[in-house]
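Structure, as structure tokens:
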Amino acid sequence: VGDPVWDQHMLTLAASPSEAAAAFPKGARALFASWKFSGHVEIRPGGLVVHFAGTQPIPAHLDRLVQAVGPLVKELTRG
């Protein structure tokens with residue numbers, strides 16, 4: 001996406017660099033960095049898939065996921 005910190009830690013696949021940058025705006029990239037994110041994210045028109053590596057179906061992990069989705073969607077839809 002042209003952000004050295006992001007590009008060193010994340011593999012971003014998109015049809016073009018501009019599409020990649022649009023899919024992951026600066027605020028969302030900063031949020032992932034603050035989480036020291038490791039996992040998988042897919043952003044598509046009208047949808048989002050996010051998987052935190054190591055997440056298990058236990059209350060603490062599910063709470064983390066629920067707490068992350070709101071701020072992430074906010075950053076992804078800012079505009």
Given the rule in the side-chain contact (heavy atoms from CB on, under 4.5 Å) test, do Met10 and Phe24 qualify, once you have shown the distances and angles that lead to the verdict? CA-CA 11 Å; Met10 300 291 277; Phe24 293 99; 5.9 Å; no

Considering residues at least two apart in sequence or located in another chain, which fulfil the side-chain contact (heavy atoms from CB on, under 4.5 Å) criterion with Ala68?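 Only Trp35, Phe52 meet the side-chain contact (heavy atoms from CB on, under 4.5 Å) criterion with Ala68.
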
Partners passing side-chain contact (heavy atoms from CB on, under 4.5 Å) against Pro25 (at least two apart in sequence or in another chain):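 Pro25: side-chain contact (heavy atoms from CB on, under 4.5 Å) contacts with Ala28, Leu76.
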
Just grab all the side chain to side chain donor-acceptor pair (under 3.5 Å) pairs involving residues 56-68, residues at least two apart or on different chains.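 As it turns out, there is no side chain to side chain donor-acceptor pair (under 3.5 Å) pair with a partner in residues 56-68 once direct neighbours are skipped.
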
From CA spacing to verdict: side-chain contact (heavy atoms from CB on, under 4.5 Å), Ile43, Val50: CA-CA 9 Å; Ile43 299 171; Val50 61; over 6 Å; no

Pairs touching residues 25-37 that satisfy salt bridge (charged side-chain N to carboxylate O under 4.0 Å, His left out), sequence neighbours left out: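 Output for this query lists Asp3-Arg29.
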
Listed by chain and number, what are the salt bridge (charged side-chain N to carboxylate O under 4.0 Å, His left out) partners of Glu42, not counting sequence neighbours?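 Scan of Glu42 (salt bridge (charged side-chain N to carboxylate O under 4.0 Å, His left out), adjacent residues dropped) gives Arg44.
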
So, for Leu48 and Val73, which heavy atoms are closest and what is the spacing to 0.1 Å?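 Shortest heavy-atom contact: CD2-CG2, 4.0 Å.
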
Go through the steps for Phe32 and Val41 under the test side-chain contact (heavy atoms from CB on, under 4.5 Å), then give the verdict. CA-CA 10 Å; Phe32 282 115; Val41 180; 3.6 Å; yes

According to side-chain hydrogen bond (donor to acceptor under 3.5 Å, both in side chains), who are the partners of Ser34, at least two apart in sequence or on a separate chain?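 So Ser34 forms no side-chain hydrogen bond (donor to acceptor under 3.5 Å, both in side chains) with any residue.
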
